[in-house]
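Just so we're on the same page: letters track the sequence lines, and every chain starts at 1.
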Amino acid sequence: MIDVQLIRAAPEVVERSQRLRGERVEAVAEAAAADAERREAIAEFERLRAEQNAFGKRVAAADKAEKPALLAEVKQLSERVKAASERSSAAEAQAEAALAAIPNVVLDDVPPGGEDDYVVLREVGRRPAFDFEPRDHLALGELLGAIDMARGAKVSGARFYYLRGIGARLELGLMQLGLNRALEAGFTPLITPTLVKPEIMQGTGFLGAHADEVYRLEADDLYLTGTSEVALAGYHADEILDVSTGPLRYAGWSTCYRREAGSHGKDTRGIIRVHQFDKLEMFSYIDPADAEAEHARLLALQEAMLTDLGLAYRVIDTAAGDLGTSAARKYDVEAWVPTQGAYRELTSTSNCTTFQARRLNIRYRAESGRTAPVATLNGTLATTRWIVALLETHQRADGSVAVPEVLRPYLGGLEVLEPAS
RNA sequence: GGAGACGUCGCAUAGUCCGGUCGAGUGCACCACCCUGCUAAGGUGGAGAGCCCUAUUAGGGCUCCGUGGGUUCAAAUCCCACCGUCUCCGCCA
């Protein structure tokens with residue numbers, strides 16, 4: 001939810017953002033009109049209500065003889081209050097809906113355009129060169145006995161898989177590595193619920209344009225989350241936080257579920273795009289003034305992970321049209337995947353400014369003593385997909401895979417993953 | 001799954017039977033000041049959230065007693081539904 005003040009005081013800023021995102025510019029004027037209507041209806045209701053309250057006091061104080069006359073008089077007032085109240089709450093709901101239809105206002109220097117209009121900020125690391133024909137991650141995963149797609153499909157259908165043996169250990173090791181780094185950086189680990197209530201899903205902005213990406217459990221009216229960001233953001237919903245001594249930082253681990261609707265035929269091989277995977281996610285609640293600096297910190301933590309795992313990557317600044325509803329800016333770190341000859345997203349970090357917090361009612365006490373919404377940021381620290389880049393990058397001619405040094409402690413000191421016999 | 005109890009302003013509680021004098025008392029914690037020869041005790045005062053209006057650091061109004069409905073001129077208080085917590089019983093990975 002954007003700040004309604006912005007609609008009143010500087011609608012042109014919001015309109016610019018809508019234009020950059022390729023969203024409806026008229027939505028701004030509509031929200032402004034709905035807001036004006038809402039305020040008018042509220043004022044009317046409150047005026048009548050005050051009158052009624054004053055009357056109530058007189059009725060209470062009146063003696064038996066004069067009560068009937070007073071009651072007769074106030075009865076019709078009560079009718080008007082009721083009507084005004086209904087008008088006012090309808091206007092309120094409408095204003096809220098109009099405002100909710102507007103995604104977060106993008107930051108000033110976010111690149112304009114759509115999915116392909118990202119700006120590459122930097123490329124880091126050396127892409128691997130092979131003097132043999134490199135195998136793709138699934139071939140390697142099968143050779144190592146690490147990934148079993150066939151049985152995943154048998155049990156659960158397409159885009160499901162088993163991680164087995166060294167594959168399972170690799171995933172857990174990756175998560176452990178990320179978790180330890182998060183701990184060092186002051187994040188509190190959190191294992192989160194993966195089923196959440198509608199209002200939390202709504203509040204984090206995942207039921208907007210991409211609602212069909214989300215699994216829903218009809219019988220229980222719960223949603224399966226596609227990222228622990230949802231539970232991490234919901235964690236402090238309706239709370240007033242003390243961020244005066246620094247941000248609140250959490251590292252959430254969870255299994256993530258995505259329907260992948262509309263991606264039929266894309267990335268059908270292996271574990272690049274699957275319905276279920278694990279993810280370690282960083283999440284910060286912070287004074288809005290410090291949000292951009294925090295965004296840089298999250299990105300730095302992500303880059304350090306990739307670098308230390310020996311992965312070549314690039315950082316892109318996502319264009320406005322490709323931002324999620326809640327994000328004001330988003331950086332993706334994409335690893336080089338040799339057999340695809342392409343960079344593929346391994347991490348994503350978004351600055352949601354106060355957008356999520358306003359919807360979820362998460363506030364802090366500003367210096368003025370008033371409450372104000374905090375800023376929230378999120379960023380990936382490890383996911384199942386990382387295995388793809390790891391296996392492909394560090395493979396050898398015989399199908400074995402070198403283990404990056406930072407990962408070895410989590411695999412019992414193992415230096416090389418050997419093909420299963 | 002069954003039965004019962006409960007949900008009040010940071011925490012703990014009063015108020016609910018018998019609707020108006022309750023947006024709400026008390027204790028603790030908190031803030032300011034006073035007192036006190038020292039981080040204690042005591043005294044006085046302040047202090048919730050959201051929204052609207054006038055205004056701009058101040059004032060006025062409205063809403064909020066788990067959530068949502070209903071009854072009523074009027075609901076923390078009566079009725080209904082839902083959610084949550086606790087206790088007991090049953091069942092179970």
Colleague: Take atom P in B/A29 and the same atom in B/G42, then report the distance between them in whole Å.
Modeller: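 So the two P atoms sit 9 Å from each other.
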
Colleague: Suppose we define a pair by two distances each less than 3.5 Å, Watson-Crick or G-U wobble; what does B/A58 pair with here?
Modeller: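 B/U54 - that is the nucleotide pairing with B/A58, both distances being under 3.5 Å.
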
Colleague: Among A/Asp332, A/Asn378, A/Thr380, which one satisfies side chain to side chain donor-acceptor pair (under 3.5 Å) with A/Ser348?
Modeller: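 Answer to the side chain to side chain donor-acceptor pair (under 3.5 Å) test with A/Ser348 among A/Asp332, A/Asn378, A/Thr380: A/Asp332.
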
Colleague: Quickly, which of A/Thr353, A/Asp109, A/Thr318 forms a side chain to side chain donor-acceptor pair (under 3.5 Å) with A/Arg329? Name it, please.
Modeller: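 That would be A/Asp109.
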
Colleague: If you measure from the P atom in B/C9 to the same atom in B/G19, how many Å do you get, rounded?
Modeller: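 Here B/C9 and B/G19 have their P atoms 24 Å from each other.
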
Colleague: Can you tell me if the side-chain N/O atoms of A/Arg38 get under 4.0 Å from OP1 or OP2 in B/C52?
Modeller: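 Yes, because at least one side-chain N or O of A/Arg38 sits under 4.0 Å from OP1 or OP2 of B/C52.
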
Colleague: With P as the reference atom in both, quote the distance from B/G61 to B/G23 in angstrom, rounded to an integer.
Modeller: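 Comparing P positions in B/G61 and B/G23 gives a spacing of 13 Å.
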
Colleague: Could you work out the separation of B/U63 and B/U21 based on their P atoms and round it to a whole Å?
Modeller: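 About 13 Å, rounded to a whole number of Å.
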
Colleague: Nearest-Å distance, CG (A/Leu241) to C1' (B/A49)?
Modeller: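 So the two atoms are 15 Å apart, to the nearest Å.
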
Colleague: Tell me what A/Arg358 touches on the nucleic acid: a base, only sugar-phosphate, or nothing, going by heavy atoms under 4.0 Å.
Modeller: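 Counting heavy atoms under 4.0 Å across all strands, no contact is made by A/Arg358.
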
Colleague: Please report, rounded to the nearest Å, how far the P atom of B/U67 is from the CG atom of A/Asp238.
Modeller: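 Whole-Å distance recorded here is 11 Å.
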
Colleague: Write down the distance separating the C1' atoms in B/C34 and B/C73, rounded off to the nearest Å.
Modeller: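 It works out to 49 Å between them.
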
Colleague: If I take atom CD in residue A/Glu239 and atom P in nucleotide B/A49, what distance separates them, rounded to the nearest angstrom?
Modeller: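 One finds 15 Å between P of B/A49 and CD of A/Glu239, rounded.
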
Colleague: Starting from the 5' end of RNA chain B, give me the residue, A/Asn361 or A/Ala50, whose nearest nucleotide shows up first.
Modeller: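 By nearest-heavy-atom nucleotide position, the 5'-most residue is A/Asn361.
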
Colleague: Rounded to whole Å, how long is the line connecting atom CG of A/Leu48 with atom P of B/C73?
Modeller: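 Answer to the nearest Å: 17 Å.
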
Colleague: In whole angstrom, give me the gap between the C1' atoms of B/A47 and B/A24.
Modeller: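 Approximately 16 Å lies between the C1' atom of B/A47 and that of B/A24.
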
Colleague: Which base sits across from B/C64 as a Watson-Crick or G-U pair, both distances under 3.5 Å?
Modeller: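 Partner of B/C64: B/G48.
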
Colleague: In whole Å, I'd like the distance from the CZ atom of A/Arg47 to the P atom of B/C52.
Modeller: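 Going from A/Arg47 (CZ) to B/C52 (P), I get 18 Å.
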
Colleague: Would you say the ring centroid of A/Tyr331 lies under 6.0 angstrom from that of A/His295?
Modeller: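 When the ring centroids of A/Tyr331 and A/His295 are compared, they turn out to be within the sub-6.0 Å range.
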
Colleague: What's the CZ-P distance between A/Arg39 and B/C52, to the nearest Å?
Modeller: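 About 7 Å, once rounded to whole Å.
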
Colleague: Quick one: look up who B/G84 pairs with, Watson-Crick or G-U, both distances under 3.5 Å, and put none if it's unpaired.
Modeller: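 B/C6 - that is the nucleotide pairing with B/G84, both distances being under 3.5 Å.
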
Colleague: Between B/C83, B/A49, B/U71, which one does the side chain of A/Lys197 approach most closely?
Modeller: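 Nearest to the side-chain atoms of A/Lys197, counting from C-beta on, is B/C83.
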
Colleague: Figure out the CG/P separation between A/Asp242 and B/C31, and round it to whole Å.
Modeller: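 Result: 13 Å.
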
Colleague: State the pairing partner of B/C92; accept Watson-Crick or G-U wobble contacts with both distances under 3.5 Å, and report none otherwise.
Modeller: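 Per the H-bond distance test, none.
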
Colleague: Between A/Glu86 and A/Ile240, which residue's closest nucleotide on RNA chain B lies nearer the 5′ terminus?
Modeller: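 That would be A/Ile240.
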
Colleague: What contact category does A/Arg365 fall into here, base, sugar-phosphate, or nothing, at under 4.0 angstrom with non-hydrogen atoms?
Modeller: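 The residue A/Arg365 makes sugar-phosphate contact but no base contact.
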
Colleague: Between B/C18 and B/U77, how far is it from one P atom to the other, in whole Å?
Modeller: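 The same atom, P, in both gives a distance of 14 Å.
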
Colleague: Watson-Crick or G-U wobble partner for B/U26, using a 3.5 Å limit on both distances?
Modeller: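 Partner of B/U26: B/A12.
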
Colleague: Scan A/Arg363 against the nucleic acid and name what it touches under 4.0 Å (heavy atoms): base, sugar-phosphate only, or nothing.
Modeller: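 Touches sugar-phosphate only.
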
Colleague: Could you tell me whether the side chains of A/Thr227 and A/Lys279 share a donor-acceptor contact shorter than 3.5 Å?
Modeller: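 Yes - a donor-acceptor pair under 3.5 Å links their side chains.
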
Colleague: Just so I know, are the side chains of A/Arg385 and A/Ile271 near enough to count as touching, which here means a heavy-atom distance under 4.5 Å?
Modeller: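 No, every pair of side-chain atoms sits at 4.5 Å or beyond.
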
Colleague: Reckon A/Arg49 has a side-chain N or O less than 4.0 Å from the OP1 or OP2 of B/U63?
Modeller: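 Checking B/U63 against A/Arg49, a side-chain N or O does come within under 4.0 Å of OP1 or OP2.
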
Colleague: For residues A/His236 and A/Phe283, establish whether the separation of their ring centroids is below 6.0 Å.
Modeller: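 No.
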
Colleague: Could you tell me whether A/Arg24 and A/Glu26 have a side-chain N and a carboxylate O separated by less than 4.0 Å?
Modeller: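 Looking at A/Glu26 together with A/Arg24, the answer is yes, because their closest N to O distance falls below 4.0 Å.
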
Colleague: Please give the distance between the C1' atoms of B/C65 and B/C6 as a whole number of Å.
Modeller: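 Those two atoms are separated by 15 Å.
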
Colleague: Separation of A/Phe45 atom CZ from B/C52 atom C1', in whole Å?
Modeller: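 To the nearest whole Å, that distance equals 11 Å.
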
Colleague: Would you mind pulling out the nucleotide paired to B/C78, Watson-Crick or G-U wobble, both distances under 3.5 Å?
Modeller: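 When the pairing criteria are applied, B/G70 turns out to be the nucleotide that pairs with B/C78.
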
